[in-house]
Amino acid sequence: SEDLISIISRVFLDHGDEVVTVLPSFGLHILYPEAVGATVTAVPLTADYQFDIDAMLDAVTPRTRLMMFSSPSNPAGCIVSPAELQKLLDQLPTHCLLVFDEAYFEYVHAADDQYADYLALLEASNKPYILLRTFSKAYSLAALRVGYGIVSDLVFADLIDRVRTPFNVNAMAQAAAVAALNDQEHLDQGMVHINQERSRMLEILSQSGLSVPFSYGNFLFIALPCEAETVYKALLTKGIIVKAWKEKGYTHCIRVSVGSTFDNNRFLDAFLAILKEEQ
């Protein structure tokens with residue numbers, strides 16, 4: 001779906017257009033619109049790392065062509081509630097296309113069996129939207145680069161197809177994606193593992209006095225008592241890679257993926273030891 005974000009930016013944006021997204025953000029929600037000359041307004045999450053729907057709507061102007069963000073959020077892991085999405089749909093003007101990035105869709109369903117059918121909400125709204133999903137996360141096919149979009153109007157699909165390169169998803173990747181869709185047991189096993197390990201890591205980190213919001217993704221966003229770059233470099237010397245966040249206001253945060261139990265334990269031991277040294 002990264003490729004679709006690029007294509008959407010080229011199809012629907014021009015110099016002088018505006019985009020609304022959130023902060024902290026998935027970087028390509030900002031970089032791709034800016035690359036085609038659009039101005040991006042990034043609305044910060046609330047203090048408890050939740051979406052600020054009112055502020056997002058207030059950021060929309062007559063020049064806003066796209067509102068684009070991920071739910072669950074990358075990197076914070078929060079989700080938009082059904083009521084919040086409905087409020088967005090009710091109040092977004094029709095000149096603003098909603099690009100709803102559900103890259104971590106499968107993890108939410110595994111964590112919350114009451115998770116709303118957001119596609120149904122979008123379909124019922126009669127507002128313009130593109131919903132994005134990917135095989136890179138829950139299906140573990142990141143290296144094959146397979147994603148897809150669901151559009152509110154076939155005109156959008158036609159416009160995207162005009163810009164899309166003809167061989168952007170190769171035959172092996174397509175075959176792997178079909179095989180992944182047919183292997184529900186493997187997907188379920190992965191989701192159970194992620195849920196269990198994410199909860200365990202969250203409990204250990206919270207008991208250590210750290211501020212870690214609940215995440216619906218396969219990662220945790222951790223606020224540190226020091227600059228994230230310091231911890232990132234210290235972990236790197238131990239062969240552990242995390243992402244030190246660079247966006248203004250969040251440079252004290254890291255995002256860590258939930259991996260195997262062995263890898264998670266290795267991270268926790270090293271991370272907590274480094275924090276103890278920093279204090």
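Hydrophobic clustering (side-chain heavy atoms under 4.5 Å, transitive across Ile, Leu, Val, Met, Phe, Trp, Tyr) keeps Leu57 apart from Val99. Leu66 and Leu92 are members of different hydrophobic clusters when ILVMFWY side chains are connected at heavy-atom separations under 4.5 Å. Linking ILVMFWY side-chain heavy atoms closer than 4.5 Å, directly or via other members, places Leu205 and Tyr232 in a single hydrophobic cluster. Hydrophobic cluster membership is shared by Leu97 and Val155, with clusters built from Ile, Leu, Val, Met, Phe, Trp and Tyr side chains linked at under 4.5 angstrom. Hydrophobic clustering (side-chain heavy atoms under 4.5 Å, transitive across Ile, Leu, Val, Met, Phe, Trp, Tyr) groups Leu202 together with Val242.
Taking the six-membered ring for Trp, Phe219 and Tyr104 have ring centres closer than 6.0 Å.
Counting non-hydrogen atoms of neighbouring residues, nucleotides and ligands closer than 6.0 angstrom, the CG atom of Leu31 exceeds 12 such neighbours.
Tyr139 is listed as a side-chain neighbour of Glu106, based on a closest heavy-atom distance under 4.5 Å. A heavy-atom distance below 4.5 Å is not found between the side chains of Met201 and Ile204. Looking at heavy atoms from C-beta onward, Cys78 lies in side-chain contact with Leu45 at the 4.5 angstrom threshold. Pro213 has its side chain out of reach of Asp48: every pair of non-hydrogen atoms, C-beta onward, lies at least 4.5 Å apart. Side-chain contact between Leu132 and Ile8 is present, with at least one heavy-atom pair separated by less than 4.5 Å. Side-chain contact between Phe271 and Ile240: absent, with no pair of heavy atoms (C-beta onward) separated by less than 4.5 Å. Side chains of Phe156 and Ile130 form a contact here, defined as non-hydrogen atoms less than 4.5 Å apart. The shortest distance between side-chain heavy atoms of Leu210 and Pro225 falls below 4.5 Å.
The CE atom of Met191 lies 4.5 Å from the OH atom of Tyr107; values are rounded to the nearest 0.5 Å. Between the CD1 atom of Ile241 and the CZ atom of Phe267 there is a distance of 13.0 Å, given to the nearest 0.5 Å. Rounding to the nearest 0.5 angstrom, the gap separating the CG atom in Leu224 from the OG atom in Ser211 is 10.0 Å. Note that CD1 of Ile53 is 10.0 Å distant from CD of Gln91, once rounded to the nearest 0.5 Å. Within the model, atoms CG of Asn74 and CZ of Phe221 stand 9.0 Å from one another, a figure rounded to the nearest 0.5 Å. Between Phe105 atom CZ and Leu119 atom CG the span is 8.0 Å, to the nearest 0.5 Å.
At least one donor-acceptor pair closer than 3.5 Å links the side chain of Ser81 to the backbone N or O of Glu84. At least one donor-acceptor pair closer than 3.5 Å links the side chain of Arg65 to the backbone N or O of Pro62. A donor-acceptor pair is defined here as one N or O able to donate and one able to accept, closer than 3.5 Å; such a pair exists between the side chain of Gln174 and the backbone of Val169. Under a 3.5 Å cut-off, the side chain of Ser199 and the backbone N or O of Gln196 do not form any donor-acceptor pair. With hydrogens and angles disregarded, no donor-acceptor distance shorter than 3.5 Å links the side chain of Ser71 to the backbone of Ser73. Side chain of Thr134 to backbone of Ser136: a donor-acceptor contact under 3.5 angstrom is found. Distance alone, capped at 3.5 Å, is enough to place a donor-acceptor pair between the His193 side chain and the Gly259 backbone. Judged by distance alone, the side chain of Arg198 and the main-chain N or O of Ser215 form a donor-acceptor pair under 3.5 Å. Between the side chain of Asn265 and the backbone N or O of Phe262, no donor-acceptor pair lies under 3.5 Å. A distance-only check finds no donor-acceptor pair linking the side chain of Ser206 to the backbone of Glu203 [under 3.5 Å].
The salt bridge (Lys or Arg N to Asp or Glu O under 4.0 Å) analysis of residues 243-268, with sequence neighbours excluded, yields the pairs Glu229-Lys246. Each salt bridge (Lys or Arg N to Asp or Glu O under 4.0 Å) pair with one or both residues in residues 204-227, not counting sequence neighbours, would appear here, but there are none.
Scored by the salt bridge (charged side-chain N to carboxylate O under 4.0 Å, His left out) test, Asp269 finds no partners at all (sequence neighbours excluded). Applying the salt bridge (charged side-chain N to carboxylate O under 4.0 Å, His left out) test to Glu197 and every residue at least two apart in sequence or in another chain returns Arg200.
Using cut-offs of 30° and 60° on the angle between ring planes, the pair Tyr49 and Tyr250 is tilted.
Judged by distance alone, the side chains of Thr39 and Glu18 never bring a donor and an acceptor atom under 3.5 Å apart.
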Practice prompt. Check the pair Leu131 / Leu122 against side-chain contact (heavy atoms from CB on, under 4.5 Å), numbers first and verdict last.
Written response: CA-CA 9 Å; Leu131 181 143; Leu122 292 168; 3.6 Å; yes
Discussion item. Using side-chain contact (heavy atoms from CB on, under 4.5 Å), reason through Met68 and Ile5 one step at a time and then give a plain yes or no.
Written reply: CA-CA 9 Å; Met68 179 160 53; Ile5 297 169; 3.9 Å; yes
Practice prompt. Starting from the C-alpha separation in whole Å, work towards a yes-or-no answer on side-chain contact (heavy atoms from CB on, under 4.5 Å) for Thr41 and Thr21.
Written response: CA-CA 6 Å; Thr41 299; Thr21 189; over 6 Å; no
Practice prompt. Tell me, with the steps shown, if Arg133 and Asp101 meet salt bridge (charged side-chain N to carboxylate O under 4.0 Å, His left out).
Written response: CA-CA 7 Å; Arg133 291 180 184 163; Asp101 190 341; over 6 Å; no
Taking only distance into account, with no hydrogens and no angle test, what donor-acceptor pairs under 3.5 Å do side-chain atoms of residues 140-148 form with protein atoms, sequence neighbours excluded?
| residue | atom | partner | partner atom | Å |
| --- | --- | --- | --- | --- |
| Arg145 | NH1 | Ala142 | O | 2.7 |

Would you give me the side-chain donor-acceptor pairs under 3.5 Å for residues 178-185, sequence neighbours excluded?
| residue | atom | partner | partner atom | Å |
| --- | --- | --- | --- | --- |
| Asn182 | ND2 | Val178 | O | 3.2 |
| Asp183 | OD1 | His186 | N | 3.2 |
| Gln184 | NE2 | Asp188 | OD1 | 2.8 |

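In plain terms, the two heavy atoms of Phe51 and Val80 that are nearest each other are CD1-CG2, 3.5 Å. For the pair Lys127 and Asp90, the tightest heavy-atom approach, listed with the atom from each and the gap, is NZ-O, 3.5 Å.
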